[in-house]
Amino acid sequence: MYALIDCNNFFVSCERAFNPALRHRPVVVLSNNDGCVISRSNEAKALGIKMAVPFFQIRELVEQHHVAVYSTNFTLYGDMSDRVMKTLSGLVPDIEIYSVDEAFLHLHGIEDVASYSNHIVRTVTRNTGISVSIGVAATKTLGKIANHFAKKYKAYNHVCVIDNEEKLVKALQKTDIGDVWGIGRRHAKMLEYHGVKTAYDLTQKSRSWIRSKMTVIGERTWLELRGIACIEKDELQAKKKQICTSRSFGQPITEYNTLLESIASLAALSVAKLRKQKSVTKAVYIFAHTNRFGEEAYKSSKVVPLSFYTSDTGEIVGYCRQALDSIYVPHLEYKRAGVVLIDIIPEEYALRDFFDEKDRDKQQRLNRVLDEINKKNGRDAIKLAIQGDGYSKNIRQEHLSKRYTTNFDEIIEIKV
DNA sequence: TCTGGGGTCCTAGGACCC
DNA sequence: TCTGGGGTCCTAGGACCC
């Protein structure tokens, strides 16, 4: 049996954990630049605030109903996520972290799955202040469906187990096709056109029909819904094959130097992620776009092949600078930029190149020290001079909460 | 005035090779 | 009359996830 455990309205729950006054109030958390809504409390959902809606479109509603608004605070959410995952690891040995707020648990050998799931829910909530829901079933896709029910119906009390044929059929019949994990908007529309309205309808179609309409990916979903597990463990846990860091700017960038500082900072973040997963790269892709909603949207990008595999910040930033020089157009208002590392392999596969004259060991030691200092003292404690102020002054964050759990100056104060 | 960010996989089609 | 065929690699675009 697989369990999918998932934090309820995760980012909002993180804000609430440190600010009890937010309980029972509508709360939303915004994306980078305070652009779109990315997390909503149940009260905010009840007001009709949709996921991913641009903030400026709901401004009136927010004022009218005194909705509490927060800018995204990834330092806080990342740390809270770690706490939840650590608690889970202590309860179930076999866990796959799927996203910042979700994990699959393998429940083999556990006799009373339902009561153990209840125990997990209580423990996580007590240890972290974050409430969670669990769905248990024969496959991961069915676990997702069970989790849906656990959240949707209060009577389940955060835990839903699908463990017999009767429950399975009922659950499939009650699940809209668009709510199935792996079926997006386009496929849902196509399937509805062909009379497939629920998850149950999908399981009644032939395997070859699904294959021809939705490729092997759809076929896999079909199998999973019929109780045949085929989403492997490695698939969810593998090292990243691409690492991307990109940002939209609240304040567009025109100056070359400002854009260079931003690109250098985005590159430094990407390379830090690369080192964290113990990999190296041999190609970098950079891009800079103007406003995609404007009339004359302009996109430029460049792939830069590197001479040797590396994970050195300075070296990669140097290549990015060259690439930027060749694509930068004066007077344009750049609204979004990013640095993507492509052609990534684990560092142990990168053989020493005979023609490579750099002292890679020394470089590696230097980067390791850099990472340690930044881990302890905050992301930009040490950075390259070329990064300057980065993109920080071009980003809007008007509703930022404190980094309660990771920064001593911002720790919560209790007055007695 | 305002419109997120970070990933994965699959397929089709072009370039190129023998 | 009759203009091969198969393989590989790369890229762009589509679809999906949270």
Side-chain angles (χ1 to χ4, degrees), chain A residues 4 6-11 28-40 50-60 62 69-74 77-78 81 97-104 140-141 144 147-148 177-191 211-221 231-232 234-252 266 269-270 273-274 277 283 285 287 289-294 297 299 301-303 305 333 335-344 391 394-399:
Chain A
L4 173 69
D6 168 314
C7 302
N8 303 328
N9 311 329
F10 183 52
F11 299 164
V28 295
V29 173
L30 305 179
S31 63
N32 184 38
N33 254 325
D34 295 346
C36 298
V37 172
I38 53 170
S39 182
R40 306 157 296 158
K50 298 266 181 267
M51 189 63 178
V53 68
F55 181 53
F56 72 89
Q57 291 177 2
I58 56 160
R59 199 153 266 174
E60 244 172 66
V62 163
V69 177
Y70 285 88
S71 299
T72 187
N73 183 348
F74 257 99
Y77 311 152
S81 174
I97 298 171
Y98 175 62
S99 74
V100 69
D101 70 332
E102 276 172 273
F104 286 102
K140 290 178 181 169
T141 307
K144 278 266 189 183
N147 183 281
H148 235 89
I177 191 66
D179 290 337
V180 175
W181 189 41
I183 310 271
R185 274 219 313 276
R186 301 295 279 264
H187 280 153
K189 215 173 156 190
M190 181 276 293
L191 288 166
R211 170 86 187 232
S212 72
K213 297 276 186 207
M214 299 163 68
T215 80
V216 293
I217 304 270
E219 193 179 4
R220 206 171 66 170
T221 300
I231 296 178
E232 300 294 329
D234 292 344
E235 229 167 290
L236 299 177
Q237 299 227 302
K239 288 184 178 181
K240 305 264 182 281
K241 293 168 186 164
Q242 272 187 29
I243 291 174
C244 169
T245 308
S246 69
R247 289 290 181 278
S248 294
F249 309 121
Q251 190 66 28
L266 294 167
L269 283 175
S270 280
K273 292 180 203 169
L274 181 74
Q277 69 163 38
Y285 172 84
F287 64 84
H289 300 168
T290 60
N291 189 353
R292 69 191 163 111
F293 298 100
K299 291 183 175 185
S301 63
K302 190 169 173 70
V303 175
E333 296 198 324
K335 192 73 175 125
R336 184 173 146 79
V339 174
V340 192
L341 308 180
I342 48 186
D343 195 358
I344 291 174
Y391 46 76
N394 295 78
I395 296 266
R396 197 177 15 235
Q397 280 192 319
E398 289 171 4
H399 314 275

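Below, each value reflects all heavy atoms present in this structure, side chains not excepted, and no hydrogens, waters or symmetry copies. A note on names: the letters A, B, ... follow the listed sequences, proteins ahead of strands, and every chain is numbered from 1.
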Original post:
How many Å lie between NZ on A/Lys140 and P on C/dC17, as a whole number?
Top reply: 16 Å
Original post:
Rounded to whole angstrom units, what separation is found between the CG atom of A/Leu4 and the P atom of C/dC17?
Top reply: 14 Å
Original post:
With side chains defined as the heavy atoms from C-beta onward, is the minimum distance between A/Ile183 and A/Met214 less than 4.5 Å?
Top reply: yes
Close N/O contacts between protein and nucleotides 10-13 of chain B (under 3.5 Å):
none

Subject >> All salt bridge (Lys or Arg N to Asp or Glu O under 4.0 Å) counterparts of A/Glu102, not counting sequence neighbours >> reply: A/Lys144
**OP:** Report which part of the nucleic acid A/Thr72 touches: base, sugar-phosphate, or nothing (heavy-atom distance under 4.0 Å, all strands).
**Re:** nothing
Subject >> Non-neighbouring partners of A/Arg211 that pass salt bridge (Lys or Arg N to Asp or Glu O under 4.0 Å), sequence neighbours left out >> reply: A/Glu219
Original post:
Nearest of B/dG5, B/dG7, C/dA15 to any side-chain atom of A/Lys240?
Top reply: B/dG7
**OP:** Apply side chain to side chain contact (heavy atoms under 4.5 Å, CB included) to A/Lys140 and A/Leu4, showing your working.
**Re:** CA-CA 7 Å; A/Lys140 290 178 181 169; A/Leu4 173 69; over 6 Å; no
Subject >> Whole-angstrom distance between C/dG4 and B/dC17, as gauged at atom C1' >> reply: 14 Å
Original post:
NA contact type, A/Val340, heavy-atom cut-off 4.0 Å: base, sugar-phosphate, or nothing?
Top reply: nothing
Original post:
When the distance from CD1 of A/Ile243 to P of B/dG6 is rounded to whole Å, what number comes out?
Top reply: 11 Å
Original post:
By side-chain hydrogen bond (donor to acceptor under 3.5 Å, both in side chains), which residues pair with A/Asn73, not counting sequence neighbours?
Top reply: A/Ser401
Subject >> Sugar-phosphate, base or nothing in reach of A/Lys144, heavy atoms under 4.0 Å >> reply: sugar-phosphate
Original post:
With sequence neighbours left out, what residues match A/Tyr77 under ring pair (Phe, Tyr, Trp, His ring centres under 6.0 Å)?
Top reply: A/Phe11, A/Phe74
Original post:
When the distance from CH2 of A/Trp181 to P of C/dC18 is rounded to whole Å, what number comes out?
Top reply: 8 Å
Subject >> Rounded distance in Å - CD1 (A/Ile342) to C1' (B/dG7) >> reply: 14 Å
**OP:** Tell me whether the OP1 or OP2 atom of B/dG5 has a side-chain N or O from A/Arg336 closer than 4.0 Å.
**Re:** yes
Collect all protein-nucleotide pairs involving nucleotides 1-3 of chain B in which both atoms are nitrogen or oxygen and the distance is under 3.5 Å.
unit_1: B/dT3; atom_1: OP1; unit_2: A/Lys335; atom_2: NZ; d: 3.1

Original post:
Nearest to the side chain of A/His187 - C/dC16, B/dG7, B/dC9?
Top reply: C/dC16
Original post:
Taking both distances under 3.5 Å as the test for a Watson-Crick or G-U pair, what stems of at least three pairs does DNA chain C have?
Top reply: B:5-18 with C:5-18
Subject >> Residues that A/Asn33 engages under side-chain hydrogen bond (donor to acceptor under 3.5 Å, both in side chains), provided they are two or more places apart >> reply: none
Subject >> With A/Ser212 via side-chain contact (heavy atoms from CB on, under 4.5 Å) - residues at least two apart >> reply: none
**OP:** Output all residues satisfying side-chain hydrogen bond (donor to acceptor under 3.5 Å, both in side chains) with A/Ser270, sequence neighbours left out; order by chain, then residue number.
**Re:** A/Thr245
Subject >> Between C1' of B/dT8 and CD1 of A/Ile231, the distance in whole Å >> reply: 12 Å
**OP:** Identify, with sequence neighbours excluded, every residue that meets salt bridge (Lys or Arg N to Asp or Glu O under 4.0 Å) alongside A/Asp34.
**Re:** none
Subject >> A/Lys273 NZ - B/dG6 P separation (whole Å) >> reply: 5 Å
Subject >> B/dG6 phosphate, OP1 or OP2, under 4.0 Å from A/Ser246 side-chain N/O >> reply: yes
Original post:
If you round to the nearest 0.5 Å, how far is NZ of A/Lys299 from CZ of A/Arg292?
Top reply: 9.0 Å
Original post:
Given B/dG4, B/dG6, C/dC18, which nucleotide is nearest the side-chain atoms of A/Ala52?
Top reply: B/dG4
Original post:
Taking only residues two or more places apart in sequence, or in another chain, which ones meet A/Phe10 in a ring pair (Phe, Tyr, Trp, His ring centres under 6.0 Å)?
Top reply: none
Subject >> Selection from B/dG7, C/dC17, B/dG4 that lies nearest to any side-chain heavy atom of A/Tyr98 >> reply: C/dC17
Subject >> Distance in angstrom units between A/Arg185 CZ and C/dA15 P, rounded >> reply: 10 Å
Subject >> Atom NZ of A/Lys273: over 12 foreign heavy atoms under 6.0 Å >> reply: yes
